[in-house]
Colleague: 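Structure incoming, see below.
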Amino acid sequence: MKKLFIKTYGCQMNVYDSARMADLLAPLGYAPVQEPDDADMVILNTCHIREKAAEKVYSELGRLRRMKERKTQSGGSMLIAVAGCVAQAEGAEIVARQSAVDIVVGPQSYQRLPEMIARVSRGTGRALETDFPAEDKFDSLPEELSSSGPTAFLTVQEGCDKFCTFCVVPYTRGAEFSRSVAQIETEARKLVAKGAREITLLGQNVNAYRGAGEDGEPSSLAKLIRHLANIDGLERLRFTTSHPRDMDDDLIAVHGEVEKLMPYLHLPVQCGSDRILAAMNRQHKAGDYLKLVERIRDARTDIALSSDFIVGFPGESDKDFEATLSLVRDVGYAQAFSFKYSPRPGTPASTAAKQIPDEVKVARLAALQGLLTAQQKAFNQSCEGRSMAVLFEKAGRKAGQAVGRSPYLQPVHVDGAGDLIGEIRHVRIESVLPNSLKGVFADPPRVLEPATQSMAAQ
Ligand code: 5AD
Ligand code: SF4
């Protein structure tokens, strides 16, 4: 067996792609390992969304080059591949800056990895593939999935046509594309057969999903969710990431209808100022977002909301930033991600006048994160004493302990749950830790039999 080490940066779509690359290389005799030192092949699956994420890749490549040299001196060999969005955006620069890199492959062409490895191994030089090939990547990926844990990711949609002025995604992942319902169902059933109890449907713009349905007509995400909810053994569904513009009535209704759809929604708003939202080309106003949140909460009262925020977008005034804080106070998030604006090459906002000084970004980020952290704490605190269904995912740090997720995506630690990985149990939350909850087993909530109910009503 050859040893394959994959390091994944960035979003969950990269996590999915890394798993598929491992599936693709399994028939060539590559088995995943946890450390790069002795690996025959190393893949860095990279993220280009912010400058920091992209820069990490070059420092990691420096370390890998030294490892590769040591291995070559002792008679071995190591192939180094850079995949993902940095590969897509900076392929030529990577090749020029780092001679130890053998393969550069973008997110739309990694199905070609086996032939690229063969080319490099024949000694015909380095291989670079960063086009958007005409063939469907998903049609060329292996049907066999090597494994799945209790929770799995399934990419249903890729790319973005929204062109927010700060974002590289439309350039690195290309135009919106949706897989067919049939292809997704087949993959979901395989994941369940391999042990998945929960599937998160992924897409850069997942709620813009328009894949071909069984009748050949485009299906919506709402229809896809209803369809997948019929799969026996699949207990939980989630989806991410959504754009406020694509949250239609039917998708909102699904949250109140489909029990398997978990009450958690990541709905990035980015900021609360209409002036900045327009400059970002978000195509919605703060008021539209607040109304949307109200409608979603009407459909599913206990839904936990999450978001992404950018502070220090070009031209953002103190007043604009105040509007963001005000929106956050109005919504009340269960959790959220927030970032300093990072100018990305090739995006319209990167050349805008009135870039914001870093010290202002730092101060605004601290203020926003202070508020978001307080909201997260309050949400977690509100769970104390409640009983909720937890899907156990992995062993905890203490012997016999296991960690799972609540319906609201919070990590939950339970002692004595070590042999329950992959099981869903009711847990009563007893304490709130900084980033997780701790609980004990509880009885499921009492469901009255219809007969008893009607007697009680008499
Ligand atoms: N600078 C900072 N944050 C960004 N994001 C996207 N592009 C940038 C950028 N140039 C954030 C957005 C998005 C999340 C995935 O990353 O908030 O929703
Ligand atoms: Fe980027 Fe905007 Fe598309 Fe999200 S919707 S991927 S932020 S361009």
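Indexing begins at 1, ligand by ligand and atom by atom, following the structure's order. Predicted, not measured: the structure shown is a model, and the values here were computed from it.
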Colleague: Where does I49 meet ligand 1, judged by heavy-atom distances below 4.0 Å: at the side chain, the backbone, both, or neither?
Modeller: both
Colleague: Going by ring-ring contact (aromatic ring centres under 6.0 Å, His included), name the pairs with one or both residues in residues 167-203, residues two or more places apart or in two chains.
Modeller: F163-Y171
Colleague: Just going by heavy-atom distances, which of R50, Q270, H48 is nearest to atom 3 (N) of ligand 1?
Modeller: R50
Colleague: Identify which of C164, S342, A349 has a heavy atom lying nearest to atom 10 (N) of ligand 1.
Modeller: S342
Colleague: With no hydrogens and no angle check, do the side chains of Y9 and N14 hold a donor and an acceptor under 3.5 Å apart?
Modeller: no
Colleague: Name the one of Y333, F337, F239 that satisfies ring pair (Phe, Tyr, Trp, His ring centres under 6.0 Å) with H266?
Modeller: F337
Colleague: Donor-acceptor check, side chain of S307 to backbone of V269, threshold 3.5 angstrom: yes or no?
Modeller: yes
Colleague: If a pair satisfies ring-ring contact (aromatic ring centres under 6.0 Å, His included) and one of its residues is in residues 359-383, list it, with sequence neighbours excluded.
Modeller: F379-Y408
Colleague: R344 versus ligand 1: do any nitrogen or oxygen atoms come within less than 3.5 Å of each other?
Modeller: no
Colleague: Tell me which part of F339 gets within contact of ligand 1: side chain, backbone, both or neither, using heavy atoms under 4.0 Å.
Modeller: side chain
Colleague: Output yes when the distance from some N or O of ligand 1 to some N or O of F166 is under 3.5 Å, and no in every other case.
Modeller: yes
Colleague: Could you tell me, atom by atom, which parts of ligand 1 come under 4.0 Å of a heavy atom of K340?
Modeller: 1 (N), 2 (C)
Colleague: Of the non-hydrogen atoms in P244 and Y289, which two are nearest, and what is the gap between them?
Modeller: CG-CD1, 3.9 Å
